[in-house]
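Just below is one structure, and these are the notes that go with it.
Both backbone and side-chain heavy atoms feed into the values below; hydrogens, waters and symmetry mates do not. Quantities reported herein were computed from a predicted structural model and do not represent experimental measurements.
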Number of protein chains: 2
Amino acid sequence: MAVTLADVARRSGTSTAVVSYVMNNGPRPVAPATRERVLAAAAELGYRPNRIARALRAGTTGVVGLVLADASNPYFAALARSVERALERRDTLMMTGNAGYLPDRQRLLAERFLAAQVDGLVVVSADGGADVAALAVAAGVPSVYVHHRPGPGRVPLVSADNDAAVRAAVEHLRGHGHRRIAFLAGPHDAGPVAERRDAWHRAVSAGDLEPLLLRCEYSREAAARLTVRLIAEGAMPHAMVAATDEQAMGVLAGASAAGLPVPGGLALMSCDGTPDSAYTAPTLSVTEQPLDAMAERAVALLLDGAPESAAPAARLVPRRSCGCEG
Amino acid sequence: MAVTLADVARRSGTSTAVVSYVMNNGPRPVAPATRERVLAAAAELGYRPNRIARALRAGTTGVVGLVLADASNPYFAALARSVERALERRDTLMMTGNAGYLPDRQRLLAERFLAAQVDGLVVVSADGGADVAALAVAAGVPSVYVHHRPGPGRVPLVSADNDAAVRAAVEHLRGHGHRRIAFLAGPHDAGPVAERRDAWHRAVSAGDLEPLLLRCEYSREAAARLTVRLIAEGAMPHAMVAATDEQAMGVLAGASAAGLPVPGGLALMSCDGTPDSAYTAPTLSVTEQPLDAMAERAVALLLDGAPESAAPAARLVPRRSCGCEG
DNA sequence: CTGTTAGCGCCTTCAC
DNA sequence: GTGAAGGCGCTAACAG
């Protein structure tokens with residue numbers, strides 16, 4: 001059905017080797033006249049190289065697998081796009097799979113990607129994921145974690161400098177006059193969120209401020225429910241740092257539903273800095289993760305054998321929800 | 001490096017044929033004892049079938065390509081997840097590429113996916129895209145458009161019944177007492193947004209209501225800017241249907257920035273019904289597209305040769321922004 | 001400079 | 001019930 005190298009060779013009166021040399025500009029030289037004939041034949045027939053055959057022969061597919069926690073979460077979605085751009089620069093295709101926070105599904109996806117002979121595996125896992133990169137290692141396939149590394153192991157991790165970011169957020173809220181600054185963490189104590197929580201705790205302690213640790217699932221729904229409940233109980237703090245944008249958006253939704261004004265009644269900051277955070281009502285003050293830099297670094301590590309390097313810094317972006325601009 | 005069929009055959013003292021029979025449960029029977037030995041050998045060696053080799057032999061990869069307009073847009077992101085789930089049910093992997101509204105990039109992605117020998121192409125294009133599915137057709141690869149079909153051509157399209165949805169939205173706003181109901185459309189007149197605009201126009205005309213057509217790009221930023229400007233000029237309508245959630249969220253952000261209360265000063269509805277729309281402040285009243293049904297239908301069309309059928313209906317979900325629940 | 005050919009790993013027809 | 005062998009489309013020795 002499809003046009004093959006042999007078809008082009010026949011049509012141009014040459015051999016498959018010559019056609020291959022022309023299509024790949026090497027590894028052997030071809031006479032200009034012959035080259036023209038081959039190119040013409042290829043164009044006429046609409047020849048398109050079969051990457052599957054090439055992959056079998058070359059032992060490399062030009063495809064990388066991305067195991068993602070959840071593309072519905074704007075943070076992970078933005079990260080995925082950054083990874084895609086980084087791969088694009090290397091002419092590499094991406095297979096994506098959403099694991100939905102399920103360790104078994106992470107493993108299943110990784111297995112499938114490995115069976116598909118991906119050249120590398122990028123794993124973006126949330127708290128409590130499986131150490132799926134270990135599977136890649138066992139198969140001799142390069143792998144990287146971005147954002148969070150579930151297991152111990154020697155698989156490299158690329159994440160941002162959460163410590164400095166959270167410290168800056170706490171300082172910023174303090175600058176607005178707040179002395180009781182809550183932190184909204186996730187249900188578990190692991191990964192970047194744990195780092196952010198620790199950083200908050202250190203900053204609050206050092207500043208002689210009053211701590212209040214809150215917890216909920218990483219979803220808008222859970223954060224909205226918690227917020228409504230706290231407001232009803234009169235237990236809502238007046239300043240809060242949310243571990244994730246997803247939670248912060250839930251807090252905003254809950255506050256809106258319960259009639260608590262932001263930033264008037266609650267000064268809120270968050271730690272992801274997704275694109276969406278600029279268009280909430282009110283706009284979210286955040287510490288913005290350098291997603292493009294993280295993705296570029298991860299892909300360089302994966303495909304170019306670049307050395308592991310220090311975490312890139314997050315940037316403070318004050319907007320309306322903390323009390324700025326208004 | 002990697003373990004192959006031949007390795008397992010050697011280890012189990014059989015032939016590659018038998019190992020293949022065992023791994024695929026056919027097409028020939030294998031004696032139970034032999035089967036056990038093969039399975040044991042495969043497990044010991046950690047054998048994982050090479051899908052690339054299988055694909056070359058079988059002429060089918062078990063991979064579908066998804067050309068997406070923009071995964072940063074929650075509507076497209078949700079659609080992509082639905083497509084992934086529909087493919088998952090058929091044990092099919094997905095390659096994704098974001099075209100970012102650029103026709104040339106759509107074409108490039110389609111070319112690459114075709115070269116990777118995908119079994120099918122799902123194209124989710126925004127207004128003004130290229131007719132990339134035509135490339136697939138030329139290559140003899142099945143393809144479907146979801147949401148929008150750029151060109152003429154006979155490539156099937158799966159979309160929702162926009163007409164009924166918009167009519168319901170207009171009626172709903174009218175029920176809230178509004179007689180001047182604006183519509184926020186996109187910059188072009190094509191595809192589903194054009195359908196929605198037409199449906200709005202018919203509904204407004206039939207109801208003897210006052211029309212006002214507004215336009216802006218499909219981004220939060222553009223919609224927010226437009227909203228701020230209209231408010232400043234005193235030209236903001238009191239009721240509006242936005243063509244997309246993305247634009248509606250921008251309107252919400254603009255209204256919040258300019259101090260216009262929603263729904264008090266503006267009753268707003270939107271036509272996508274993304275998951276995000278339930279957690280804006282205030283929550284967005286929408287007509288919800290049946291994304292799972294659309295995706296399932298598209299994939300059935302693509303891989304199972306299912307017949308084209310009528311568009312599934314969108315559902316009205318009243319929330320706070322139109323004036324309900326309050 | 002160009003042609004012939006041997007596999008990459010798998011599946012399956014054909015012989016035993 | 002099992003084994004040997006050809007070939008999917010491509011690349012890169014190896015000959016000419």
Can you name the nearest heavy-atom pair linking A:E246 to A:P74, along with the distance? OE1-CD, 3.1 Å
Kindly say whether [Y] contributes a backbone atom to a donor-acceptor pair with the side chain of [X] at under 3.5 angstrom?
X      : Y      : answer
A:D304 : A:A306 : no
A:R149 : A:V155 : yes
A:T92  : A:R90  : yes
A:Q106 : A:A130 : yes

To the nearest Å, give me how far apart [atom1] ([X]) and [atom2] ([N]) are.
X     : N      : atom1 : atom2 : value
A:R10 : D:dG9  : CZ    : C1'   : 13 Å
B:R57 : D:dC10 : CZ    : P     : 17 Å
B:N25 : C:dC11 : CG    : P     : 12 Å

Selected nucleotide, minimal atom distance to A:L5 side chain, candidates C:dT12, C:dC10, D:dC10: D:dC10
Considering the options A:V118, A:V63, A:L66, which one meets the side-chain contact (heavy atoms from CB on, under 4.5 Å) requirement together with A:M94? A:L66
Where do N or O atoms of nucleotides 2-5 of chain C meet protein N or O atoms at under 3.5 Å, pair by pair?
{"from": "C:dT2", "atom 1": "OP1", "to": "A:T34", "atom 2": "OG1", "distance (Å)": "2.3"}
{"from": "C:dT2", "atom 1": "OP2", "to": "A:A31", "atom 2": "N", "distance (Å)": "2.8"}
{"from": "C:dG3", "atom 1": "OP2", "to": "A:S15", "atom 2": "N", "distance (Å)": "3.0"}
{"from": "C:dG3", "atom 1": "OP2", "to": "A:S15", "atom 2": "OG", "distance (Å)": "3.4"}
{"from": "C:dG3", "atom 1": "O6", "to": "A:Y21", "atom 2": "OH", "distance (Å)": "3.4"}

Need the bend value for the helix from C:dC1-D:dG16 to C:dC16-D:dG1: angle between end axes, 5 pairs each end, nearest 10°. 50°
Under the criterion salt bridge (charged side-chain N to carboxylate O under 4.0 Å, His left out), I'd like the reasoning laid out for B:R105 against A:E88: C-alpha separation, chi angles, the key distance, then a yes or no. CA-CA 11 Å; B:R105 227 184 113 54; A:E88 171 70 23; 3.3 Å; yes
Ignoring hydrogens and angles, state whether a donor on the side chain of B:Y75 or B:D70 is under 3.5 Å from an acceptor on the partner side chain. no
Please work out if B:S20 contacts a base, only the sugar-phosphate, or nothing of the nucleic acid, heavy-atom cut-off 4.0 Å. base
